[in-house]
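Remarks on the structure that follows.
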Protein chains: 2
Amino acid sequence: MSTPRPTIEDVARAAGVSRATVSRVINDEPGASEPLRARVRAAVAELGYLPNQTARALASGRPRAVDVVAVTYTPGLGWLGVHPYYSRVLAGVMSVLEGTDVHLRLHAVGASGATEALDTIAAQATVGAVLTNLEPAQAARFHRRCRRSVSMVTTAASVPSVEVDNAAGAYAAVEHLHRLGRRRIAAIHGPEASTCAVDRRAGYERAVRDLGLPDLGTPGGDFVREHGHDTAARLLQEHPGLDALFVSCDLMAAGAVQAITAAGRRVPGDVSIMGFDDSLAAVCANPPLSTMRVPVEDMAAAATRLLLGGDVPAGHRELFPVAPVLRQSTAAGRFT
Amino acid sequence: MSTPRPTIEDVARAAGVSRATVSRVINDEPGASEPLRARVRAAVAELGYLPNQTARALASGRPRAVDVVAVTYTPGLGWLGVHPYYSRVLAGVMSVLEGTDVHLRLHAVGASGATEALDTIAAQATVGAVLTNLEPAQAARFHRRCRRSVSMVTTAASVPSVEVDNAAGAYAAVEHLHRLGRRRIAAIHGPEASTCAVDRRAGYERAVRDLGLPDLGTPGGDFVREHGHDTAARLLQEHPGLDALFVSCDLMAAGAVQAITAAGRRVPGDVSIMGFDDSLAAVCANPPLSTMRVPVEDMAAAATRLLLGGDVPAGHRELFPVAPVLRQSTAAGRFT
DNA sequence: CTGAAAGCGCTAACAG
DNA sequence: CTGTTAGCGCTTTCAG
């Protein structure tokens, strides 16, 4: 099918040199005179030669791709297409891969049969893998088979990671709401299986305790808009006095705002809302959401640089700041 | 680094058979007796052998990856992390790749030097490429070097594609607003470089003409929230009588809703809004947006299946339906 | 500085 | 059925 592409052999013949020489030239390696280099380059241009990456990878055994792996807990298309987090990770990884000849491979593994799938990916990894949302046990196992991997979430101690202090972030969010004069601060939490969600919940709980406020937390649920919407609606009925909401992720928060305004309450007039992530959902919500920014792109970029750099010491940890980004959902006295 | 992984050779030795036999077994090919198969499988399990995909790809020459390519017109991280479209494409592609041993490679090429980068990708393609947003000329060139490619947007006639009738969709959206009794229907358009945007604009213009309404279109701009927000704000000042808005993409529409409610108008009470895409932005907006659904995931899945299927006849076209999805931003008489 | 030769790990004819 | 023999296209010693 299609014209068979010229190989390095063809170029060598056309330039009247050996394959080795062509290889040196196209790889900008020393050991080739300028005249020959010129001839080779001419041949390359004329034939439109482009090296076969597969062959190159096999022969050199050198890393050529970073693998981004995500576990999709929900069946079907899963989170990939639904949660902004993943695009941000990809954008971050791509930003450092641009200009490199390293590819980005994306893997979405379903929850069932995840172990086997992950093992295969680990075995295939070359430059290394960015683990977007593996549970600690999965990450540890993955890391055991592929040292060159880094997790984007808090995980097993051995696994290198880039992370944020979710608990501190949540604590700060609640404090901010408290500073605004809010005293009945409810919370919408994420899934128990997510260390991020667990830590954020812990931060919330510690904050309300320290501040002497009631714990108006709700059972954890998936990081999806619907959970935020439904939980907020329920919360409004159970705690009509509610004056603020801490939501564990912007996507859920976007749903929460909808439920709250639909119920006739004003945001931020009647209830202030702090989200978490600073994702697309935060800026698309109406009013736009104040949130705790998690610099996902930067983290993914850092993770990628780590992998590209070669060895990633086990247990290596890079902490990123979570900072408040204040938008309308907590604007003081705008609509009051 | 790390323990050198066992090769097929090691397995063969351990099982006391030839490499060929091992190959047959692990590929579930006929021509191996059950006893041998068992021995091989045992050896595989014991050694924890996992075939090297690179070597496999090189030896078989068989396709092993589909390439998803996006041109990022804006510098920096580009659209990838910002526009929901890309995640939807990835989710669609992944959904059909799951369970296959085919990988998904993601490429983001900057606008500058795009030609060269695209040529390289085309040369590297195996199963084929899904072109998410190439301009017709780029797509045509790409397709010339790699027949196994399909565009996700309307493009050069020669290039196979999966598409929707954007003009008809826009027309239908305007008609719907008209049916609601709206008569001053403004529009926020997308970038001139995008065939989608151009077609949607054409649909809008034809519709208002056919319906005898004024053309309240605005100059095209990037498919980003900010453009929607700012344009809507300006529109409100220039045409205070405005009672509806057709927005070329949900992300911009989400911005538009914000501007409109911030200006004190009610949605849909004072102005009804129809977006386009049915992306995350539509459901995160508040109120949720009525929109013309583009089944991006299905389209991406279809494109992938086409590639997996082998030959993709030049000029092949698959048309998908754009259907209205009605949410609150056009809810009749809810808040009036 | 250059070319010849030996693989990378696997698949794919081809003989037994 | 099974093993032997060639490569896939490139990098990489190792001689010259």
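Within every chain, numbering begins at 1; the chains are lettered A, B, ... in the order of the sequence lines, protein sequences first and strands thereafter.
Electrostatic pairing of A/E34 and A/R41 counts as a salt bridge here, judged by a charged N lying under 4.0 Å from a carboxylate O.
For the pair B/R317 (side chain) and B/V159 (backbone), a donor-acceptor distance under 3.5 Å is present. A side-chain donor-acceptor contact under 3.5 Å links B/R5 to the backbone of A/A123. A distance-only check finds a donor-acceptor pair linking the side chain of B/R148 to the backbone of B/T126 [under 3.5 Å]. Under the 3.5 Å distance criterion, the side-chain polar atoms of B/N52 are matched with a main-chain donor or acceptor of B/T54.
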Check residues 102-113 of chain B and write down every donor-acceptor pair under 3.5 Å in which the side-chain atom is one partner and the other belongs to a residue at least two apart or another chain.
from	atom 1	to	atom 2	distance (Å)
B/R105	NE	B/D67	OD1	2.7
B/R105	NH2	B/D67	OD1	3.2
B/R105	NH2	B/D67	OD2	3.0
B/R105	NH2	B/Q124	O	3.3
B/H107	NE2	B/D67	OD1	2.6

Residues 25-33 of chain A side chain polar contacts: donor-acceptor under 3.5 Å, at least two apart:
from	atom 1	to	atom 2	distance (Å)
A/N27	ND2	A/S23	O	2.9
A/N27	ND2	A/S23	OG	3.4

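One finds a side-chain N or O of B/T21 lying less than 4.0 angstrom from the OP1 or OP2 phosphate oxygen of D/dG3.
Taking every heavy atom of both residues into account, B/G92 and B/A300 meet most closely at CA-CB, 4.0 Å.
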Where protein sits on nucleotides 7-13 of chain D, one letter per nucleotide: B base, S sugar-phosphate only, - none, heavy atoms under 4.0 Å: BBBBBBB
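For the contact set between residues 31-39 of chain B and DNA chain D, defined by any heavy atom under 4.0 Å, the members are B/G31, B/A32, B/S33, B/L36.
With A/E163 as reference, A/T154 is the one residue of A/T154, A/T155, A/T195 to meet the side-chain hydrogen bond (donor to acceptor under 3.5 Å, both in side chains) rule.
Between the axis at the start and the axis at the end of the helix from C/dC1-D/dG16 to C/dG16-D/dC1 there is an angle of 40°, using five pairs per end and rounding to 10 degrees.
Among residue pairs with one or both ends in residues 10-20 of chain A, those qualifying as side-chain hydrogen bond (donor to acceptor under 3.5 Å, both in side chains) are A/E9-A/R19, A/D10-A/R13, A/S18-A/T21; sequence neighbours excluded.
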